[in-house]
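The block underneath contains the structure these notes are about, expressed in structure tokens.
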Amino acid sequence: MAEYYVIGLMSGSSLDGLDVCAVKFNEENSRWKFEIQNTVCYEYPEHFQQALRQLPDATAYQLAEMHTGFARIQADYLQQFFQAFPDSRKADLIVSHGQTIFHQPEQSFTTQIGCGATLSALTSKTVVCDLRTYDVALGGQGAPLVPLGEKYLFPEFKSFLNIGGICNISEHTDSGITAYDVCPGNTLLNLLAIQSGKTYDTRGTIARNGSVCPELLAQLSSVDFYQKEGPKSLGTEHLMRDWWPLIEAASLSVEDKMTTVVEHIAIELGKVLTHPTTLITGGGALNTYLTERIIHHAVSEIIVPSRQIIEFKEALIIGFAGLERYLGRNNCLSSVTGAQRDNMGGAVYG
């Protein structure tokens, strides 16, 4: 039996913070088991969240500066993590997703900041990063990355829904795996929550107190993205270009906007959640009202796991994807991303 101690780092499009997941992976006869050791989400200060939101419109110099700066912030959080959990210093590998700033696979590029060389130098650990670029170079979407990890780490499930800044699903059948981004998620909900003086809508309290606006709901559902066939993926820039202007232009209260966006998300997810059971994870799974509306619209039975799996499944699987790269194995599936072939994505430092 081979054992690997890995720390996965995930920072999603909702910009809420850095998820750190320390996990031990065991492989025996091509079967994987995992044991999560420790997890922490280090919430980003509001000024840093705002800096990340503004980065797509920043100068080239500022983007380059933040590429290294983000890695330094990751290293600072990791030092806190090592102090809190001294055993985690024994980790063999750090895998960093980085922070996506641009995602334009149709233009053949995707950009995640967080310099792997800097992170490796500051932590004295081997680092795997830049997991999406090679798949995009091969004509793929570079996303989703999680289906391979789901296949090996959660074999008891065949349908998965992740609600982060963007909602994505994957379905595992005898003929293969299909996965794609479905619709916006927490990114839009968090922007509306900020207008109410909150970082996010805890348990969906704001949305529960509003009313659905049929006109805005129809506009949101008419976005061109929904006419595309998979594989397909979304970046924050797509949300800000195609959905957010419609929301901003609506003469509605924040509560009514929030309720309408929640209903839109639930309806779009309901259209694709047709498997008998679906495992739901991501920060959005903690939004009670959103989960209720998804259950209302979906045929699938929604399975809610432990809070640790809800919050850290992506960081866990990012760690697994980086481990596969470290071991010299494919970690991107062409059936999921649309690339020319299955491939081994990621740069290794250290």
Side-chain angles (χ1 to χ4, degrees), residues 12-14 143-144 146-147 149-151 154-190 192 200-208 210-214 216-223 225-234 239 243 257-307 309-311 313-314 317 336:
S13 55
S14 56
V146 296
E150 291 169 342
K151 176 182 178 180
F154 298 91
E156 66 273 30
F157 294 99
K158 302 301 180 185
S159 177
F160 301 85
L161 165 64
N162 179 71
I163 306 178
I166 294 164
C167 299
N168 57 71
I169 68 163
S170 59
E171 293 187 337
H172 301 236
T173 66
D174 293 338
S175 58
I177 302 173
T178 58
Y180 55 92
D181 289 342
V182 179
C183 62
N186 292 334
T187 295
L188 298 183
L189 299 178
N190 290 352
L192 287 169
Y200 56 90
D201 186 13
T202 306
R203 295 184 295 278
T205 304
I206 299 172
R208 194 181 293 276
S211 300
V212 173
C213 172
L216 177 58
L217 188 65
Q219 290 177 328
L220 297 175
S221 298
S222 67
V223 171
F225 177 79
Y226 297 122
Q227 310 307 315
K228 298 179 180 179
E229 297 294 331
K232 58 183 181 178
S233 60
L234 286 167
L239 308 188
W243 281 270
K257 289 181 179 181
M258 186 80 83
T259 307
T260 304
V261 173
V262 165
E263 194 69 9
H264 170 67
I265 293 170
I267 288 172
E268 295 303 325
L269 291 175
K271 293 176 182 178
V272 298
L273 294 177
T274 57
H275 193 274
T277 60
T278 296
L279 182 71
I280 180 174
T281 56
L286 301 175
N287 184 322
T288 308
Y289 181 68
L290 174 58
T291 302
E292 290 172 7
R293 297 312 299 161
I294 293 170
I295 292 171
H296 173 79
H297 287 287
V299 173
S300 183
E301 178 187 2
I302 304 301
I303 306 299
V304 182
S306 68
R307 180 161 185 152
I309 295 298
I310 287 175
E311 294 188 290
K313 172 172 165 274
E314 277 200 292
I317 293 182
V336 171

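The figures that follow rest on heavy atoms only: side chains count, while hydrogens, waters and symmetry mates do not. Here, residue 1 is the first one in the sequence, and each next residue gets the next number.
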Only one of Ile177, Leu279, Thr278 passes side-chain contact (heavy atoms from CB on, under 4.5 Å) with Phe160; say which it is. Leu279
Is there a side-chain contact between Leu161 and Leu273 in this structure, where contact means two heavy atoms from C-beta onward sitting under 4.5 Å apart? yes
Considering only distance and modelled atom types, tabulate donor-acceptor pairs under 3.5 Å from the side chains of residues 178-188, sequence neighbours left out.
from   : atom 1 : to     : atom 2 : distance (Å)
Asp181 : OD2    : Leu234 : N      : 2.7
Asn186 : ND2    : Gly164 : O      : 3.4
Thr187 : OG1    : Ser13  : O      : 3.2
Thr187 : OG1    : Gly165 : O      : 3.2

Check Glu171 against Val272 and note the closest heavy-atom contact, atom names and distance. OE2-O, 3.6 Å
Rounded to the nearest 0.5 Å, what's the gap from CG on Asp174 to NZ on Lys158? Could you check? 7.5 Å
ring-ring contact (aromatic ring centres under 6.0 Å, His included) with Phe154: which residues, sequence neighbours excluded? Phe34
Gap between atom OG1 of Thr281 and atom CZ of Phe157 - 0.5 Å precision: 10.5 Å
Roughly how far, to the nearest 0.5 Å, is the CD1 atom of Ile294 from the CD1 atom of Ile267? 11.5 Å
Does OH in Tyr200 sit with more than 12 non-hydrogen atoms of other residues, nucleotides or ligands closer than 6.0 Å? no
Is there a side-chain contact (heavy atoms from CB on, under 4.5 Å) between Leu269 and Arg293 once you walk through the steps? CA-CA 10 Å; Leu269 291 175; Arg293 297 312 299 161; over 6 Å; no
What's the verdict on side-chain contact (heavy atoms from CB on, under 4.5 Å) for Val146 and Asn162, showing C-alpha distance, side-chain angles and the deciding distance? CA-CA 10 Å; Val146 296; Asn162 179 71; 5.9 Å; no
Exercise: identify the closest heavy-atom pair between Ile310 and Ile280: CG1-O, 4.2 Å
Does atom NZ of Lys232 have more than 12 heavy-atom neighbours, drawn from other residues, nucleotides or ligands, at distances under 6.0 Å? yes
Between the CD1 atom in Ile303 and the OG1 atom in Thr277, the distance rounded to the nearest 0.5 Å is 5.5 Å
Which atom of Ser233 lies closest to which atom of Phe225, heavy atoms considered: O-CE1, 3.8 Å
Drop me the distance from Thr202's OG1 to Ile206's CD1, to the nearest 0.5 angstrom. 8.0 Å
After noting the C-alpha distance and the side-chain angles of Val261 and Leu189, does the key distance pass the side-chain contact (heavy atoms from CB on, under 4.5 Å) rule? CA-CA 7 Å; Val261 173; Leu189 299 178; 3.6 Å; yes
Have a look at Glu150 and tell me which of Ser170, Pro155, Ser159 forms a side-chain contact (heavy atoms from CB on, under 4.5 Å) with it. Ser170
Donor + acceptor pair across side chains of His297, Glu263 (<3.5 Å): yes
Is it the case that the side chain of Ser221 and the backbone of Ala218 share a donor-acceptor pair, with hydrogens and angles ignored and the cut-off at 3.5 Å? no
Output all residues satisfying side chain to side chain donor-acceptor pair (under 3.5 Å) with Lys257, sequence neighbours left out; order by chain, then residue number. none
Minimum heavy-atom separation for Thr259 to Ser211, with atom names? OG1-N, 3.6 Å
If you round to the nearest 0.5 Å, how far is NE2 of His275 from CD1 of Ile169? 11.0 Å
Close side-chain approach of His264 to Leu216, heavy-atom, < 4.5 Å: no
Scanning both residues in full, the closest heavy-atom pair of Arg203 with Asn287 reads C-OD1, 3.7 Å
